[in-house]
Amino acid sequence: MPYHFLDVASTPNVRLAQAEMGADQIWLGAHHRESDSFTESELAFIAARDSFYIASVSETGWPYVQHRGGPAGFLKAVDRKTLAFADYRGNRQYISTGNFAANDRACLFLVDYPRRARLKIYMHVEKLTLDADPSLTDLVFDAGYRAKAERIFRLRLQAFDWNCPQHITPRYTEQEVETAVTPLRERLTQLEAENAALRARLQALGEQ
């Protein structure tokens, strides 16, 4: 099985860069890394994310990287080869939206900072109106999220790959920090109560 992600990513200049750095032999031959269908591992990782980065390219060749966010799991798996998400209103520049009209290729980066894991995905993007596919709208729409959805993007998988954890600094959301420190706060409250009780007992003994 060839390394399908690199089959997509590699160009003559990429291979030349690999050769110049002495890395070309690393990627030759069969690597048995299937990447044209998501496994349970990728689907679980995607479902846990509350943001990702998506790259597009304009007609003039300029790349653009956009951050997209929403409730955890807002990037939905339609099946093992298809993702979709509701595109919420931002600064209304619509650069990615315009780029995808000319070139439907995209690259997504999804990062789990606490676990220092990242998933990169090549996909083809299709823009849909909110009423184009009612079942898809039901899947991606979150009534509890206070933001205005303007369109739906449906993404067809080309290839994915997992990156190494090097140079990823662990970062934590407010909720993750709160979850981590709650037991410490509870223990501190318990110790303060015990100290107060001991001080009261010592004071009572001293007054006797």
Side-chain angles (χ1 to χ4, degrees), residues 37-58 63-163 168-183 185:
S37 180
F38 294 123
T39 70
E40 292 301 324
S41 179
E42 288 80 41
L43 293 176
F45 187 84
I46 292 167
R49 306 277 67 77
D50 60 6
S51 68
F52 61 87
Y53 302 93
I54 184 167
S56 60
V57 180
S58 72
Y64 182 72
V65 178
Q66 186 175 41
H67 172 270
R68 304 310 294 162
F74 81 101
L75 180 60
K76 305 292 186 181
V78 180
D79 54 46
R80 292 186 182 273
K81 294 178 180 287
T82 311
L83 303 177
F85 67 95
D87 191 36
Y88 297 109
R89 175 173 291 179
N91 62 10
R92 308 194 75 181
Q93 291 182 337
Y94 304 114
I95 298 174
S96 298
T97 302
N99 286 349
F100 292 137
N103 186 337
D104 73 345
R105 293 177 179 87
C107 185
L108 278 64
F109 256 62
L110 286 70
V111 186
D112 182 337
Y113 288 99
R115 295 172 180 80
R116 301 175 66 227
R118 53 187 169 184
L119 178 65
K120 53 189 179 184
I121 315 172
Y122 279 132
M123 309 202 79
H124 292 276
V125 180
E126 177 187 8
K127 182 185 73 172
L128 300 172
T129 62
L130 295 176
D131 58 357
D133 184 338
S135 62
L136 187 61
T137 300
D138 288 343
L139 176 66
V140 302
F141 187 69
D142 187 335
Y145 189 62
R146 299 183 65 180
K148 179 178 176 56
E150 294 187 320
R151 67 195 58 81
I152 294 171
F153 282 125
R154 181 163 54 196
L155 305 96
R156 177 168 52 85
L157 175 64
Q158 181 69 28
F160 69 84
D161 195 17
W162 290 93
N163 265 140
I168 300 178
T169 301
R171 294 182 173 89
Y172 302 88
T173 65
E174 182 178 355
Q175 182 58 51
E176 288 166 339
V177 172
E178 182 65 27
T179 299
V181 303
T182 292
R185 288 175 175 166

*Asks:* Other residues, nucleotides and ligands only: do more than 12 of their heavy atoms fall within 6.0 Å of CZ on R105?
*Replies:* no
*Asks:* Using a strict threshold of under 4.0 Å (side-chain N to carboxylate O), is an ion pair present between R171 and E176?
*Replies:*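 No, E176 and R171 are not salt-bridged.
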*Asks:* Hey, are the side chains of N99 and V57 touching, using non-hydrogen atoms and a 4.5 Å cut-off?
*Replies:*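 They are not in side-chain contact.
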*Asks:* For A149 and L130, work out which heavy atoms get closest and say how close.
*Replies:*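 That would be O-CD1, 3.3 Å.
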*Asks:* Please determine whether the number of non-hydrogen atoms from other residues, nucleotides or ligands lying under 6.0 Å from atom CZ of F45 exceeds 12.
*Replies:* yes
*Asks:* Which pair of heavy atoms, one from F160 and one from S37, lies closest together, and at what distance?
*Replies:*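 Result for this residue pair: CE2-O, 3.4 Å.
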*Asks:* Would a 4.5 Å heavy-atom cut-off, applied to side chains only, mark Y113 and I168 as touching?
*Replies:* yes
*Asks:* How about K127: does its NZ atom have over 12 heavy atoms from other parts shown lying under 6.0 Å from it?
*Replies:*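 No, NZ of K127 has 12 or fewer neighbouring heavy atoms, counting only those of other groups under 6.0 Å.
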*Asks:* Quick one: closest heavy-atom pair of A48 and A72, and the distance?
*Replies:* O-CB, 4.1 Å
*Asks:* Please tabulate, for the side chains in residues 74-81, all donor-acceptor contacts under 3.5 angstrom to protein atoms that are two or more places apart in sequence or on a different chain.
*Replies:*
| from | atom 1 | to | atom 2 | distance (Å) |
| --- | --- | --- | --- | --- |
| K76 | NZ | G73 | O | 3.2 |
| D79 | OD1 | K81 | N | 2.8 |
| D79 | OD1 | T82 | N | 2.8 |
| D79 | OD1 | T82 | OG1 | 2.9 |
| D79 | OD2 | T82 | OG1 | 3.4 |
| R80 | NH1 | F38 | O | 3.0 |
| R80 | NH2 | E40 | OE2 | 2.4 |
| K81 | NZ | D36 | O | 2.6 |

*Asks:* If you look at every heavy atom in A106 and F100, which pair is closest and at what distance?
*Replies:* CB-CE2, 3.6 Å
*Asks:* Nearest 0.5 Å, what's the CZ-CD1 distance between F85 and I152?
*Replies:* 10.5 Å
*Asks:* As an exercise, state the distance from CD1 of I54 to OH of Y64, rounded to the nearest 0.5 Å.
*Replies:* 11.5 Å
*Asks:* Can you confirm whether L157 sits close enough to I121 that some side-chain heavy atom of one is under 4.5 Å from a side-chain heavy atom of the other?
*Replies:* yes
*Asks:* Go through the steps for E178 and R185 under the test salt bridge (charged side-chain N to carboxylate O under 4.0 Å, His left out), then give the verdict.
*Replies:* CA-CA 10 Å; E178 182 65 27; R185 288 175 175 166; 2.8 Å; yes
*Asks:* Would you say H67 and S51 make side-chain contact, with heavy atoms under 4.5 Å?
*Replies:*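 Yes, close enough: below the 4.5 Å cut-off.
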*Asks:* I want to check something: taking the side chain as every heavy atom from C-beta on, are F153 and T97 in contact at a cut-off of under 4.5 Å?
*Replies:* yes
*Asks:* Do Y172 and T179 come close enough that some side-chain heavy atom pair is under 4.5 Å?
*Replies:*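 No, their side chains stay 4.5 Å or more apart.
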*Asks:* Should we count CZ of R146 as having more than 12 external heavy atoms under 6.0 Å?
*Replies:*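 Atom CZ in R146 is not crowded, with 12 or fewer foreign heavy atoms closer than 6.0 Å.
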*Asks:* Check whether any side-chain heavy atom of R151 lies under 4.5 Å from a side-chain heavy atom of Y94, and answer yes or no.
*Replies:* yes
*Asks:* Going from OG on S56 to CG on D104, what distance comes out if it is rounded to the nearest 0.5 angstrom?
*Replies:* 11.5 Å
*Asks:* Could you check if a side-chain atom of L119 sits within less than 4.5 angstrom of a side-chain atom of F52, using non-hydrogen atoms only?
*Replies:*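 Result no, sub-4.5 Å side-chain heavy-atom pair not found.
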*Asks:* Partners of R154 by salt bridge (charged side-chain N to carboxylate O under 4.0 Å, His left out), sequence neighbours excluded?
*Replies:* E126, D133
*Asks:* Looking only at heavy atoms, which two atoms of G69 and Y88 are closest? And how far apart?
*Replies:* O-CD1, 3.9 Å
*Asks:* Considering non-hydrogen atoms only, spot the tightest contact between L136 and A84 and give its length.
*Replies:*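 Heavy-atom minimum between the residues: CD1-CB, 3.8 Å.
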*Asks:* Could you give the distance from NZ (K148) to CG (D87), rounded to the nearest 0.5 Å?
*Replies:*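 So the gap between those two atoms works out to 12.0 Å.
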*Asks:* Take I95 and Q66 through the test side-chain contact (heavy atoms from CB on, under 4.5 Å) and record every step on the way to the result.
*Replies:* CA-CA 9 Å; I95 298 174; Q66 186 175 41; over 6 Å; no
